[in-house]
Amino acid sequence: MDHLLADLSEPQREAVTHTDGPLLILAGPGSGKTRVVTRRAAYLASTVARPYEILAITFTNKAAGEMRERIGSLGLAEGMTVCTFHAFCAKLLRVYHERFDISRNFTIYDTDDRRKVIKDAIERCHLSSENWTPATVERHISLAKNELLDAAGFEGSVSDWRLREVARIYQEYERQMTEMAALDFDDLLMLVAKLLDRDAELCDELECRYRYVLIDEYQDTNLAQYRIARLISQRRKNLCATGDPDQSIYGWRGANIENILNFERDYPKARVVRLEQNYRSTKRILAVADNLIVGNQRRKEKALWTANEEGVPVHVAEFDQADDEAETIARSIVQHVENGDRYSEVAIFYRVNSLSRVLEETLFKAGIPYQVARGVEFYNRKEIKDVLAYLRVLVNPADEVALRRMINTPPRGIGATSIERLEELCRASGRRVFDALTNGSDLSSLGRSAGKVSEFAALLRQLGEAVKMPAPDALRFVLSHSGLRAMYAREGDDEDAPIHNLDELVNAATEFQNEFPDSTIVDWLEFTALVSDVDSVDKETDRVTLMTLHAAKGLEFPVVFIIGVEDGLIPFRREEHVSDMEEERRLLFVGMTRAKRELTLSLAHWRMRQGATMRTLRSPFLDEIPQDGVEWAEVEDEAPVSSRPARSGGGRLPPDIDQWSSGTLVRHPVYGIGQILTLFRGARRTHVDVQFQRGQRMQWVLEFAELERVDYDEVGDTG
DNA sequence: AATATTCCCGTTTTT
DNA sequence: CGGGAATATT
């Protein structure tokens, strides 16, 4: 067992060998957390517990996979439960489905499915959607569920009339979801948390099964997750939480940083171990990042240090156009490779996915191989969702979102009207559409399309055969009998043609089947619902990695570029929407601390956003980093030719126009102080959209508006 | 009913 | 700019 401790630092060893009672591991970036966590699991498994008594919960599948692999290489993973919160809850829900009063074969709805149901619910409520978009409703419902409020609970908790309407929609949504035996991501957590809350017996049972619980990335837990963690370690308190408040970046989706900040209050006898030595970055990178993060209030102080070498200065590069930024990065990458680095050592991070486009174009032109880690690209493709809809209906006939999708895919001459009439018919007779179809009910009232519908019903019955097949076989069966394969075969077979993705899906299913020989279609569907493509960034092939700052958490690269370090982007800001500055700061901190050797922050004065090129301002965070150890490179700012207004056109731009952007505070002789929402430089005129403090909002041609810029400190706190 | 076209909207981050 | 929905066309 000594080999588990041999090469550990003192605090690391302490974290590994603490067995019983609550333990909080505050792990700075690059402090060897993964190593500690895996060693600890292995240590427990070889001293006080059996592997199957250990439960390790992570936030992403990637983290789970990595942990499983690393514990495996220590020879002890067999039987250990290592998975995400969502996967853990899904498993519990299946095993104890009776206690949850839900079908064992419930379907997990992704964001798309959920949105469809919410739109439906809104329609059924006959509410004008003037006041909120489906997205807004969705968000409210999601946040409510994170706070353990079901539809009834939510209704009881709101007074605002707008939220009351949301509550009605929530109720309708919940009703429909129940009818379809469908759960969304948030349900998985909420239902488990709620059940554990009232089922002490089950808690005991779980606690006996999982004597040691480990929660990774504890700073990103929401209330539901916090409760689950607490309830399954209630008696023994063998809960080990690891994380770093400075890396809490999911507040927007309900994560509560207080969970980690208050750990010692929640678990008074907790041992706290700080991992402060950084083994990843150079002194300079760490110093710059640390200098930024100390600006935060809500944190637990850590004295980050490293024995690594000084390294080269951190770069801050300022460009005129976003194209220049991308091109310079491309050139720099080429240089690196010429100097012997590999493409795979380089990563480029950005705040929003849309920024990847310019980069992709430029890298492609430069012949630089790259990969983009994007959310759920693969499983969101139309062809993939099409086939999966078939499987979903097979195992859960109540899944009407999937049924609606498959009924006319491929086109069977059953249009929207017919589908609606069919659904109406079923609703009237209180039957599920699936049952009505497969029981050979009388469909003659459907008129002209009755024939087509019966043909479809026959197909459904035929496909029923596939239910008992293993996933890959069922997939193949469905593909050939449904006509989907034929349909997509017609769409060509280029590199990224649908037909190839379908093949890839079959391969993925086969792989899954090999790994879990006893698995069913339901298991496979669950797997597809809970994976994302971020999980599949591969380090094998030699290429540059592009990803969002959020996706970068937990990774490291020798050479890191962070682009778009501009006000409004980092920190992100949107009209009417105040961002949490501390969380934005943490996000940049996370990005910076991914870098081992070299770090470059860059910004462009002009950036295309929402189809329009806009003037930008550098991120205020750049003013917070020390000049020491940082190298600034500025390029001459040549305003785009098109934006130089003709003198003869009359009017004039403010002299300091270069300093203006969205977010700039301005003063108007009549309207007073306001803030620029958008600033758009057209070929001849510059247009501004200004929101004034007193409530008015004006759109002007800047050349003629009597606006002058004012500084933040001149007007104090403007909210 | 299926396909082509236009238009309009939103637009962070992800399990 | 790009996706989805409403609208026009075959």
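Any value given below was found using the heavy atoms of this structure, including those in side chains, with hydrogens, waters and symmetry copies removed. In the text below, chain A, chain B and the rest are named by the order of the sequence lines, each starting its count at 1.
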A.B. asks: Just checking A:Lys365: does its NZ atom have more than 12 heavy atoms from other residues, nucleotides or ligands closer to it than 6.0 angstrom?
C.D. replies: no
A.B. asks: Less than 4.0 angstrom between a side-chain N/O of A:Asn408 and OP1 or OP2 of B:dA2, yes or no?
C.D. replies: yes
A.B. asks: Can you figure out which of B:dT14, B:dT15, B:dT11 approaches the side chain of A:Ala135 most closely?
C.D. replies: B:dT11
A.B. asks: Which nucleotide wins on minimum distance to the side chain of A:Lys119, given the candidates C:dA5, B:dT15, C:dC1?
C.D. replies: C:dA5
A.B. asks: Rounded to whole angstroms, how far apart are CZ on A:Phe589 and P on B:dT13?
C.D. replies: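 It works out to 23 Å between those atoms.
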A.B. asks: Mind running salt bridge (charged side-chain N to carboxylate O under 4.0 Å, His left out) on A:Asp246 and A:Arg586 for me, showing each step along the way?
C.D. replies: CA-CA 6 Å; A:Asp246 292 338; A:Arg586 293 193 290 264; over 6 Å; no
A.B. asks: Stacking check: are the rings of A:Tyr250 and B:dT14 less than 5.5 Å apart at their centres and under 30 degrees in tilt?
C.D. replies: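 Check failed, A:Tyr250 does not stack on base of B:dT14.
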A.B. asks: Could you state the CD-P distance from A:Glu217 to B:dT13, rounded to the nearest angstrom?
C.D. replies: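 Going from CD in A:Glu217 over to P in B:dT13 covers 19 Å.
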A.B. asks: B:dT14 C1' sits how many Å from A:Asp184 CG, rounded?
C.D. replies: 14 Å
A.B. asks: A:Phe85 near the nucleic acid: base, sugar-phosphate alone, or nothing, with a heavy-atom cut-off under 4.0 Å?
C.D. replies: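 It contacts nothing in the nucleic acid.
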A.B. asks: Counting the atoms with a prime plus P, OP1 and OP2 as sugar-phosphate, which does A:Arg357 contact under 4.0 Å by heavy atoms, base, sugar-phosphate, or nothing?
C.D. replies: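 Answer is sugar-phosphate: A:Arg357 comes under 4.0 Å of backbone atoms only.
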A.B. asks: Within this structure, what is the CZ-to-P distance between A:Arg607 and C:dC1, rounded to whole angstrom?
C.D. replies: 16 Å
A.B. asks: Quickly work out the A:Asn353 CG to C:dG2 P distance and round it to whole Å.
C.D. replies: 14 Å
A.B. asks: Pick the P atom in B:dT13 and in C:dG4, then give their distance to the nearest Å.
C.D. replies: 15 Å
A.B. asks: Look at atom NZ of A:Lys452 and say whether more than 12 heavy atoms of other residues, nucleotides or ligands are closer to it than 6.0 Å.
C.D. replies: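 Atom NZ in A:Lys452 is not crowded, with 12 or fewer foreign heavy atoms closer than 6.0 Å.
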A.B. asks: May I ask you to check whether A:Tyr250 and A:His550 place their ring centres under 6.0 Å from each other?
C.D. replies: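 Centroid separation for A:His550 and A:Tyr250: below 6.0 Å.
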A.B. asks: Over all strands shown, is A:Asp186 touching base, sugar-phosphate only, or nothing at heavy-atom distances under 4.0 angstrom?
C.D. replies: nothing
A.B. asks: Measure the distance from CZ on A:Arg609 to P on B:dC9 and round it to the nearest whole Å.
C.D. replies: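 Atom-to-atom, A:Arg609 to B:dC9, this comes out as 20 Å.
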A.B. asks: To the nearest Å, give me how far apart CG (A:Asn146) and P (B:dT15) are.
C.D. replies: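 The answer, rounded to whole Å, is 14 Å.
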A.B. asks: Given C:dC1, B:dA1, B:dT13, identify the nucleotide with an atom nearest to the side chain of A:Met608.
C.D. replies: C:dC1
A.B. asks: Determine whether a donor-acceptor pair (N or O, by modelled atom type, separation under 3.5 Å) exists between the side chain of A:Glu582 and the backbone of A:Arg298.
C.D. replies: yes
A.B. asks: What's the closest nucleotide to the A:Ser418 side chain, out of B:dA1, B:dT13, B:dT15?
C.D. replies: B:dA1
A.B. asks: Strictly below 4.0 Å: does A:Ser354 bring a side-chain N or O up to OP1 or OP2 of C:dC1?
C.D. replies: no
